[in-house]
Amino acid sequence: NDITGEGARFLADALKSPAATIRRLDLSQNRVGSLIGFDVFCRVLERNMMLVELNLADNFLGPKDGRALGTMIAGNRKLKVLDLRGNRLEALGGEQVCSGMEG
């Protein structure tokens with residue numbers, strides 16, 4: 001796949017639907033990070049109560065993406081598995097993700 005931030009925006013639209021029943025989403029090895037569409041994607045997932053597993057490994061996620069991820073995690077208590085391996089969140093992005101987990 002070659003899903004970018006633009007593709008993440010389209011996925012966000014699909015996940016907004018009340019009919020969306022996706023419980024596991026594997027977006028590994030794409031390029032969804034550091035683009036405006038990723039922020040939209042995270043805001044939608046913040047309110048999605050069906051998704052329990054999200055794989056974002058190897059997606060060029062950087063420190064700026066940590067804030068969007070942290071906010072999403074803080075608002076979404078259904079998500080149980082989040083794979084962020086192989087990204088470049090660095091210390092700042094990692095802190096923001098952890099902050100979201102603390103609530």
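Side chains are part of it too, since the values below use all heavy atoms of this structure and drop only hydrogens, waters and symmetry mates.
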Minimum heavy-atom distance [X]-[Y], with the two atoms named:
X   : Y   : result
L56 : N59 : O-ND2, 3.2 Å
R88 : P63 : O-CD, 3.3 Å
M72 : L79 : SD-CD2, 3.9 Å
A20 : A14 : CB-O, 3.5 Å

Test C98 against E95 for side chain to side chain contact (heavy atoms under 4.5 Å, CB included), laying out the working first. CA-CA 5 Å; C98 290; E95 288 172 12; 5.7 Å; no
May I ask you to test the [X]-[Y] pair for a side-chain heavy-atom distance under 4.5 Å?
X   : Y   : result
D83 : E53 : no
L61 : F38 : yes
V32 : D65 : no
I3  : L27 : yes
L69 : L84 : yes
T4  : F60 : no
V81 : L54 : no
V97 : L89 : yes

Under-4.0 Å salt bridge between D58 and R85: no
Side-chain donor-acceptor distances from residues 42-52 under 3.5 Å, at least two apart:
| from | atom 1 | to | atom 2 | distance (Å) |
| --- | --- | --- | --- | --- |
| R47 | NH1 | R43 | O | 3.2 |
| N48 | OD1 | M50 | N | 2.9 |
| N48 | OD1 | L51 | N | 2.9 |
| N48 | ND2 | L15 | O | 3.4 |

Would the distance check show the side chain of [X] and the main-chain N or O of [Y] forming a donor-acceptor pair, the cut-off being under 3.5 Å?
X   : Y   : answer
N76 : K78 : yes
N30 : S28 : yes
K80 : R77 : yes

For the CG atom of L25 and the CG atom of N55, what is their distance to the nearest 0.5 Å?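 Interatomic distance, L25 CG to N55 CG, rounded to 0.5 Å: 8.5 Å.
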